[in-house]
Structures are given as structure tokens and as C-alpha cells.
Participant: 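Can you read through this structure? Questions will come right after.
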Amino acid sequence: MDHEIALFAEVHDILLVQVRDLLGMQGERFNAGMAQLVEDLAEDFRLEEELMTALDYRGRDRHVAEHTELLGSLRSLAPSEARAALTWLPIWFQQHLANEDTELAHALQAKGGRRHPEDAARPVSGALEEAVR
Ligand SMILES: [Fe+2]
Ligand SMILES: [Fe+2]
């Protein structure tokens, strides 16, 4: 596996761990964890989108549309739908990684990578930082 693709995959692996942990939570902890997951995703997508802008990436609009659609779906979930969302979310990620993120990783590789502002506080962002270096 190419270096950049492996690192994008690592970001998604971290999210899968977050999903698995959430499935073991209940009530307010679950709700707070779910809200945190959505915010973490939004931050990861934001970093990817910055990267696409920096690369002047041709596939940006289509890729961003996938991010936007997912965040919209997650933010409009009824409380009773949240747990079910955790079963389709990993499938969405697998597809997004195989298609959009892989294509972006190739574009990144072709241009030799870019550095982004430091954001090492969160492990997911840290891994994405590594991916864009
Ligand atoms: Fe991604
Ligand atoms: Fe993406």
C-alpha cells in the first residue's frame, strides 16, 4: 500500500475504534460521544478539504459533496437512529476511503505532499497531519 493511502487508512481506523467504543456506551455518555464523533469527522474533513485546496485538486467538488452529505445525515439523525448509524458509518468509510480518499492520496503523492498547520492535539488529526506531510 502506498504511504499516503496507508495514512489515510490509519485515520479511518481510528474512527472505527471510536465507533466501536460508542457502541458500548449508553444514555448521556452515548449522546456526548456521538456528538464528539461528528465534530471529529467534521475536523478531519476540513483538513482534507484544505489539502484539496492546497493541491488545486480537480476532484474537490465531488469529494467535498460526499463529506457534506455525510455530515448532513449525521447531524439530522433522530436520537432513535443514532445507534443504527454506527452500523452503516463504517461501510460509508470503507467506500469513501477506497474511492475519494485513495484518489486524493494519489494526487498528493503526485505533487509530493504538503504541510498543514499544526493540530497535534487530537490523534485523528495528528494522523492526518502525518498524511499530508
Ligand atoms: Fe478521509
Ligand atoms: Fe475524504
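When a residue number appears, it is its place in the shown sequence, counting from 1. Each ligand, and each atom within it, is numbered from 1 in the order the structure gives. Note that these values count all heavy atoms, side chains included, but never hydrogens, waters or copies made by symmetry.
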Participant: With the Fe ion (ligand 2) at the center, what angle do NE2 from H96 and NE2 from H63 span, rounded to 10 degrees?
Facilitator: 90°

Participant: Less than 4.0 Å between a side-chain N and a carboxylate O, is that true for R75 and E39?
Facilitator: yes

Participant: Is the Fe ion (ligand 1) less than 2.8 Å from an N/O/S atom of D101, whether that atom is in the backbone or a side chain?
Facilitator: yes

Participant: Between L15 and W88, is there shared hydrophobic-cluster membership here, with clusters defined by ILVMFWY side-chain heavy atoms closer than 4.5 Å?
Facilitator: yes

Participant: Can you tell me which residue among H67, R60, H63 is in a side chain to side chain donor-acceptor pair (under 3.5 Å) with E49?
Facilitator: H67

Participant: Looking at CG of L16 and CG of D21, how far apart are the two atoms once the value is rounded to the nearest 0.5 Å?
Facilitator: 11.0 Å

Participant: Got an N, O or S from E48 under 2.8 Å of the Fe ion (ligand 1)?
Facilitator: yes

